[in-house]
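Worksheet for the structure shown next.
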Amino acid sequence: MRFYAPKGTTDILPDMAKKWRYLERKASDLFEKYEYEPIVTPIFEHTDVFQRAIGTSTDIVQKEMYTFEDKGGRSLTLRPEGTAPVIRAYVDNNMNQMPQPVKLYYTGPMFRYERPQAGRYRQFFQLGVEAIGSDDPAIDAESILLMIDYFRSVGLKELTLYINSMGCENDRPKYVELLKQYAIAHEQELCKDCRKRVELNPLRLFDCKEESCRRVMEHAPKITDYLDEDCKNHFNAVRRYLDMQGVQYIIKPELVRGLDYYTKTTFEVVSPLLGAQNAIGGGGRYNKLVEEFGGPPTPGIGFAIGLERLTIAVEKEGAFVAMEEKTDAFIAVADKAVKEPAVNLLYALRGAGIATDIDYTGRSLKGQLKYANKKGFRYTIFLGPQELETGIVQVKDMKTSEQYAIKLNELVDWLSNIVKSQTMGSGVTKQS
RNA sequence: GUGAUCGUAGCUCAAUUGGUUAGAGCGUCGGACUGUGGCUCCGAAGGCUGUGGGUUCAAGUCCCAUCGGUCACCCCA
């Protein structure tokens, strides 16, 4: 093997790509039902877009970014996540002049330089939504409910939803200071990593898996107890909206998430069907981010779903719907002499909207049949000198082995009708 | 960035304590009285054993390095 895909990347072959297309189609259908509109932003941005948005002390910025200099000497970075570019685009394009809130969704590759692992790649794909311009707790709930709705719509049953409030600039600094004091008081009992965390990022103390650290943190002050009036009310309102829709959730005060821009609501959905990387979707509110990019004070909230992890979960759930039976036609050329009329027929059928193919490798007639069978064509049309002479072709139903004699000039209609009725028929059968 | 584990045909795997020309199944392509698929049978193509060194009379097998895969930590989707 001479060449291979770079570490942490992989080719998505047709079987997998079809599943992805299905998941993406389901997503855009549902997102649009919630009145979100598509947006496409560049795959790379100026490096400071991410440094500014995500925070210079985060792992993503410190060690995971694909940063390079272009020939003009600009520092650019392959996007490690989708929210920052969307917010940059919002400000860049003066979208605050549009009716608020602006509700957007996107899909595409993200890049993070990490050691690959189950459900983790250096290039990975996300489906995301952002609602910019509202601080209504009902839209926090909408974001969460949309994500849950989507997971249900693709057949996921066992999901755990965690929610939290990270507070805001008024209450969080006080809380972090309090947490720090608590940690310092228990420094003797903390592991080496955690002692560093005390100064660097006290909120991360909750993530440690060391037994002694966990014992300490169990009794640590929880952010949800130190929210100011506004944040507390907001959080309670979000919870009420979730309760109203009967959605189960677990409040997880240690749910911090690794991006600095979050304020108030954060949430995450994990699947028990996955390994260590079990978060299939996560998001939160970011009320300072638009300002950070030089726009007017504008609140926002959104989430992202990992397509690879989602695929694994849906697969494990056995929830991929069976592909619809093909009704495609294959033209078997019985004699090379009629190749040209056969190609004409090929385009006549395609022109009539019938998915059709023909042999391009010079196979024998039997070989063509085998090929048609393996590729799952429903109908094989035999075309040879006889057929051209009589104007009647043989059409074989590959599923039932029945064979029909059809007038060449009626073939398009005949196939169109049968394809139509079968597509409808299969739909009816499926429902009953 | 750290640790564990694995690299033999397109895929899944074999190959006695290091010992001749590295095998099988599936898949691909072709054939079984010449214009008809699936089942069965036959045949063919396809490997510098990830790569580079080393030990040895002899390396797929042992050692080192490197590149990949997998899993976990960190962190996240």
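By convention in this document, chain letters (A, B, ...) are assigned in the order of the sequence lines, proteins followed by strands, and residues within each chain are numbered from 1.
With salt bridges taken as basic N to acidic carboxylate O contacts below 4.0 Å, none links A/R215 and A/E218. Ion pairing of A/E169 with A/K288 is present here, as a side-chain N (NZ or NE/NH1/NH2) and a carboxylate O approach within less than 4.0 Å. Salt bridge status for A/K264 with A/D135: present, with a side-chain N to carboxylate O gap under 4.0 Å. By the 4.0 Å N-to-carboxylate-O rule, A/K103 lies too far from A/E37 to be salt-bridged with it.
Base engagement by A/Y121 is indicated by at least one non-hydrogen atom pair under 4.0 Å involving a base atom. When heavy atoms are screened at a 4.0 angstrom cut-off, A/A118 is found touching the sugar-phosphate backbone but no base atom. If you check every strand for non-hydrogen atoms under 4.0 Å, A/G82 touches nothing. Counting any heavy atom pair closer than 4.0 Å across all strands shown, A/E81 reaches no nucleic acid atom. Using a 4.0 Å heavy-atom distance criterion, A/E114 is classed as a base contact. Across all strands, A/L310 comes closer than 4.0 Å to no nucleic acid atom at all (heavy-atom distances). Among the atoms of the strands shown, base atoms are found under 4.0 Å from some heavy atom of A/G119. At the heavy-atom level, A/E268 lies nowhere under 4.0 Å from the strands shown. Residue contacts shown for A/Q123 are absent, as no nucleic acid heavy atom lies under 4.0 Å away.
Phosphate contact (OP1/OP2 of B/C29, side-chain N/O of A/R363, threshold under 4.0 Å): present. Listed pair A/S401 / B/G37 fails the phosphate criterion, with no side-chain N or O lying under 4.0 Å from OP1 or OP2. Remark: A/K366 is not in phosphate contact with B/U36, judged by side-chain N or O atoms under 4.0 Å from OP1 or OP2. Close to B/G38, at under 4.0 Å from its OP1 or OP2, lies no side-chain N or O of A/K374. Checking the phosphate oxygens (OP1, OP2) of B/A72, a side-chain nitrogen or oxygen of A/Q117 falls inside 4.0 Å.
Here A/F382 does not pack flat against the base of B/G35, since the 5.5 angstrom centre distance and 30 degree tilt limits are not both met.
Nearest-nucleotide positions on RNA chain B for A/S364 and A/R309 put A/S364 closer to the 5' end.
Not a single donor-acceptor pair, N or O on each side, falls under 3.5 Å between the base of B/G35 and the side chain of A/Q394. Judged by distance alone, with hydrogens and angles left aside, A/R112 brings no side-chain donor or acceptor close enough to the base of B/C75 to form a pair under 3.5 Å. The base of B/G37 sits with one of its N or O atoms less than 3.5 Å from a complementary donor or acceptor on the side chain of A/K396.
Under 3.5 Å, the side chains of A/E142 and A/Y36 contain a donor-acceptor pair of N or O atoms. If you check the side chains of A/R112 and A/Y66, you find no donor sitting under 3.5 Å from an acceptor.
For residues 125-149 of chain A, the ring-ring contact (aromatic ring centres under 6.0 Å, His included) pairs, not counting sequence neighbours, are A/W20-A/F125.
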Pairing of RNA chain B as dot-bracket, 5' to 3': ( ) intra-strand, [ ] crossing, | other strand, . unpaired, with Watson-Crick or G-U pairs under 3.5 Å? (((((((..((((.....[...)))).(((((.......))))).....(((((..]....))))))))))))....
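Rounded to a whole Å, the CG atom of A/D59 is 15 Å from the C1' atom of B/A77. What separates CZ of A/R115 from C1' of B/C75 is a distance of 14 Å, to the nearest Å.
Although no hydrogens or angles enter the test, the distance criterion places a donor-acceptor pair under 3.5 Å between the side chain of A/D359 and the main chain of A/R363.
With B/C74, B/G35, B/G69 as the choices, the nucleotide that has an atom nearest any side-chain atom of A/Q277 turns out to be B/C74.
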